[in-house]
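All residue numbers refer to positions in the sequence shown, counting from 1.
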Amino acid sequence: MMRRSTKSPDFPMPPEPAFASLDAFLAEHIQLIESLCVDAKCAQWELPREAFAGALWRSAEKRFRGARAGHLEVEVYLKSLHVGDLALAWACAAGSETAWEFFIAEFRSELRSAAQAILRTSGSADDVRAAELADSLYAELYGLRSDGGGHRKSLFQYFHGRSKLSTWLRAVLTQRHVDLLRTSGRTTTLEAEPGEKSSGGLALQTNPAPPDPDREMYLLRLGNALCEALAGLPARERMILACYYADQLTLAEIGRMLHEHESTMSRQLDRTRRTLRENVAEILRCAAPARDGRPAEPGLDEAQIEQAFEYALQDWPFDLSRALSEAERPGNARE
């Protein structure tokens with residue numbers, strides 16, 4: 001049976017806008033807000049009227065940007081919003097399990113399809129990478145970091161209902177992919193054809209770089225560091241990695257096995273991947289001892305570490321299943 005949190009959802013209230021206070025906004029547009037609250041099915045997500053009013057208020061502030069807007073102008077704008085999507089997003093931002101269940105069931109396949117389309121455009125499409133790109137969004141949508149005031153900082157709080165939620169999610173996913181390309185040094189524009197220059201100022205890399213004589217060394221060091229980092233993970237986290245990557249189970253299947261919600265497993269997997277990357281980078285910064293006939297080697301600098309990760313994204317025959325099995329051997333694994 002799925003376990004539900006007994007803690008009441010934490011509905012964050014938006015900052016005060018320039019054109020009115022929330023109380024004034026609520027008083028002036030109370031009839032319309034109540035009508036939109038019904039249309040948005042707020043009760044389905046147990047979203048209080050005040051929280052939904054806060055979402056509408058925040059959206060109006062974004063639209064008018066502090067300018068004085070008349071009563072009718074504001075109401076015309078509010079009626080134009082996709083209020084059902086806005087209520088769902090706001091409930092998810094608040095941590096509502098009911099809303100999260102619906103969101104994942106309704107949007108997961110659409111997110112993965114969008115990720116596949118994005119990767120095909122950049123010439124790097126495959127099901128595993130598409131799934132990773134789509135799934136990487138869940139942690140930010142849920143909000144793992146605090147905004148400094150005790151509330152989670154959810155990406156959903158940037159959705160204002162002016163477009164459909166699915167359209168907004170595709171735009172966010174596209175931007176995430178572009179950001180990853182920029183940080184990896186493989187930036188190309190999505191509109192330009194191979195061999196052309198981007199009008200947006202990002203030049204395409206048309207001349208392949210010569211082979212790096214240190215590539216083999218980087219990948220060897222990375223493989224050893226990854227095996228060491230895997231052994232340092234708690235057994236439960238290694239099991240989740242094995243189920244997801246080696247056994248190809250879905251997050252829902254892993255969640256049922258561990259009696260956890262699918263969204264919880266998504267956040268756990270995202271945290272484990274980030275921890276693993278940080279631990280691998282830390283190991284690579286340290287000098288490598290002599291092993292397998294190779295002399296001791298100094299630690300890698302940040303640029304070399306990023307280069308090692310970049311090579312791993314290419315054709316790297318690393319056997320994750322074997323590494324996870326080795327990590328479970330007595331004396332290797334952390335309990």
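Here the CG atom belonging to Leu47 is positioned 11.5 Å from the OG1 atom belonging to Thr98, to the nearest 0.5 angstrom. Within the model, atoms CG of Asn279 and CG of Leu233 stand 7.0 Å from one another, a figure rounded to the nearest 0.5 Å. Atom OG1 of Thr250 and atom CE of Met265 lie 10.5 Å apart (nearest 0.5 Å). A distance of 8.5 Å separates CG in Leu36 from CD in Glu75, rounded to the nearest 0.5 Å. In this structure, CG in Leu251 is found 10.5 Å from SG in Cys243, a value given to the nearest 0.5 Å. We find the SG-CZ distance between Cys286 and Arg221 to be 9.5 Å, quoted to the nearest 0.5 Å.
When all heavy atoms are compared, the tightest approach of Leu222 to Phe309 is CD1-CE2, 3.8 Å. The shortest heavy-atom contact between Ile283 and Ala229 is CD1-N, 3.9 Å. Shown here for Ser96 and Trp45, the closest heavy-atom pair between the two residues is OG-O, 3.7 Å. Considering all non-hydrogen atoms of both residues, Ala114 and Arg170 come closest at CB-CG, 3.7 Å. The shortest heavy-atom contact between Arg273 and Tyr244 is NH1-CE2, 4.3 Å. The two residues Trp100 and Ser263 make their nearest non-hydrogen contact at CE3-CB, 4.0 Å.
By the 4.5 Å heavy-atom criterion applied to side chains, Tyr218 and Leu300 are counted as neighbours. Within the 4.5 Å cutoff, the side chain of Ile30 has heavy atoms near those of the Arg49 side chain. Residues Val83 and Phe52 meet the side-chain proximity criterion, which asks for heavy atoms closer than 4.5 Å. Leu220 places a side-chain heavy atom less than 4.5 Å from the side chain of Asn224. Side-chain contact between Leu258 and Met239 is present, with at least one heavy-atom pair separated by less than 4.5 Å. The side-chain heavy atoms of Leu111 and Asp135, taken from C-beta on, include no pair separated by under 4.5 Å. Taking 4.5 Å as the limit, some side-chain heavy atom of Leu241 sits within range of a side-chain heavy atom of Leu276. Looking at Leu324 and Leu320, their side chains come closer than 4.5 Å, going by heavy atoms from C-beta outward.
When ring centroids are compared, Phe103 and Phe156 come within the 6.0 Å threshold.
In terms of modelled atom types and a separation under 3.5 Å, the side chain of Ser59 and the main chain of Ala55 share no donor-acceptor contact. For the pair His160 (side chain) and Arg162 (backbone), a donor-acceptor distance under 3.5 Å is absent. Using modelled atom types, no side-chain atom of Ser35 and backbone atom of Gln31 make a donor-acceptor pair closer than 3.5 Å.
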Practice item. Report the C-alpha distance between Thr272 and Ile240 in whole Å, list the side-chain angles of each, state the deciding distance to 0.1 Å, and finish with yes or no for side chain to side chain contact (heavy atoms under 4.5 Å, CB included). Key: CA-CA 9 Å; Thr272 299; Ile240 293 172; 5.7 Å; no
**Study point:** Check against salt bridge (Lys or Arg N to Asp or Glu O under 4.0 Å), Arg277 and Glu306
**Key:** CA-CA 11 Å; Arg277 183 185 175 97; Glu306 286 303 315; 3.4 Å; yes
Review point. Leu32 and Lys79: side chain to side chain contact (heavy atoms under 4.5 Å, CB included), yes or no, with the steps?
Key: CA-CA 8 Å; Leu32 178 59; Lys79 290 177 183 178; 3.8 Å; yes
Check your understanding: Do Leu137 and Phe107 pass the side chain to side chain contact (heavy atoms under 4.5 Å, CB included) test, and can you show the C-alpha distance, the side-chain angles, and the key distance before you say yes or no?
Key -> CA-CA 12 Å; Leu137 210 56; Phe107 291 93; over 6 Å; no
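Counting only N and O atoms by type, the side chains of Gln268 and Thr264 include no donor and acceptor under 3.5 Å apart.
Val76 forms part of a hydrophobic cluster together with Leu72, judged by ILVMFWY side-chain heavy-atom separations under 4.5 Å.
A cation-pi arrangement is absent between Arg267 and Tyr138 under the rule of less than 6.0 angstrom and at most 45 degrees off the ring axis.
Of the charged side-chain nitrogens involved, none lies within less than 4.0 Å of a carboxylate oxygen, so that Arg271 and Glu237 do not count as a salt-bridged pair. Between Arg112 and Glu132 there is no salt bridge, since no side-chain nitrogen of the basic residue lies less than 4.0 Å from a carboxylate oxygen of the acidic one. Remark: Arg256 does not engage Glu262 in a salt bridge, criterion side-chain N to carboxylate O under 4.0 Å. Between Lys41 and Glu46 there is no salt bridge, since no side-chain N of the basic residue sits under 4.0 Å from a carboxylate O of the acidic one.
Tyr158 pairs by the ring-ring contact (aromatic ring centres under 6.0 Å, His included) definition with nothing, not counting sequence neighbours.
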